[in-house]
Asker: 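The structure is given below, and queries will be raised subsequently.
Quick caveat: nothing in here was measured; it's all calculated off a predicted structure. Numbering starts at 1 and runs along the sequence shown. Whatever order the structure lists ligands and atoms in, that order sets their numbers, starting from 1.
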Amino acid sequence: MTHLFVYGTLKRGQRAAARLARQRFVGVAQTEPGLVLYELDGYPGLVREPAAADGVVGEVWLVDAEGLCDLDAYEGVAEGLYRRESIALVTPGFPETAETYVYARSVAGRKRIGSAWPPAG
Ligand code: PCA
């Protein structure tokens with residue numbers, strides 16, 4: 001089983017939430033600083049940005065191997081859209097690290113939305 005941090009369309013109530021239906025929700029948590037979200041085409045991309053002070057808020061799920069394989073396919077890992085990488089969590093009571101989907105393409109010209117998606121307002 002793998003702890004997976006999701007911050008976009010896979011979150012509860014969002015468009016792709018059903019893809020986690022057979023997995024276990026752990027809770028809402030925050031990442032280490034140095035990670036930030038950009039708005040892409042109706043979904044967000046998390047990127048590493050050393051100056052980002054706040055980190056990202058999202059959900060931690062416990063995902064089985066088959067589910068992770070399906071999610072990698074959905075997120076376009078093989079096509080180089082996202083890379084699945086380990087990041088650190090700072091919320092007490094959570095594992096110290098989790099896997100997440102880091103956006104693997106350029107965010108040049110995209111809107112920087114900060115710590116949470118969808119952005120408020
Ligand atoms: N889906 C993945 C990565 C970005 C997206 O919209 C997620 O929810 O974490």
Asker: Before you tell me yes or no, could you show the steps for Thr97 and His3 under side-chain contact (heavy atoms from CB on, under 4.5 Å), namely the whole-Å CA-CA distance, both residues' side-chain angles and the distance that decides it to 0.1 Å?
Answerer: CA-CA 8 Å; Thr97 62; His3 283 103; over 6 Å; no
Asker: Atoms of ligand 1 less than 4.0 Å from Pro44 heavy atoms?
Answerer: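 What qualifies from ligand 1 is 4 (C), 6 (O).
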Asker: Given side chain to side chain donor-acceptor pair (under 3.5 Å), test Tyr101 with Asp72 step by step and report yes or no.
Answerer: CA-CA 8 Å; Tyr101 292 104; Asp72 283 356; 2.7 Å; yes
Asker: Touching ligand 1 at all, Tyr82? Heavy atoms, strictly under 4.0 Å?
Answerer: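 True for this residue.
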Asker: With Tyr38 as reference, evaluate Lys111, Glu49, Arg110 under the side chain to side chain donor-acceptor pair (under 3.5 Å) test and give the passing residue.
Answerer: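 It is Glu49; the other options fail the test.
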Asker: Main chain of Val26, side chain of Glu59: is a donor-acceptor contact present, judged purely on distance under 3.5 Å?
Answerer: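 No, the answer is negative, given that no donor and acceptor are paired below the 3.5 Å cut-off.
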Asker: If you measure every N or O of Gly8 against every N or O of ligand 1, does any of those distances drop under 3.5 Å?
Answerer: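 Indeed, backbone or side chain, Gly8 has an N or O that close.
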Asker: Please compare Phe5, Tyr103, Tyr7, Tyr43 and report which has the shortest non-hydrogen distance to atom 3 (C) of ligand 1.
Answerer: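 Result: the heavy atom closest to atom 3 (C) of ligand 1 is in Tyr7.
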Asker: Can you pull out the closest protein heavy atom to atom 2 (C) of ligand 1? Residue, atom name and distance to 0.1 Å, please.
Answerer: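 Going atom by atom, the protein heavy atom closest to atom 2 (C) of ligand 1 ends up being Glu75 OE2, 3.2 Å.
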Asker: Using the ring of each side chain (for Trp, its six-membered ring), is Tyr103 parallel, tilted or perpendicular to Tyr82, with breaks at 30° and 60°?
Answerer: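 Geometry flag for Tyr82 against Tyr103: perpendicular rings.
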Asker: Look only at interatomic distance and state if Thr9 has a nitrogen or oxygen under 3.5 Å from any nitrogen or oxygen of ligand 1.
Answerer: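 Between Thr9 and ligand 1 (N or O atoms, distance only) the closest approach is under 3.5 Å.
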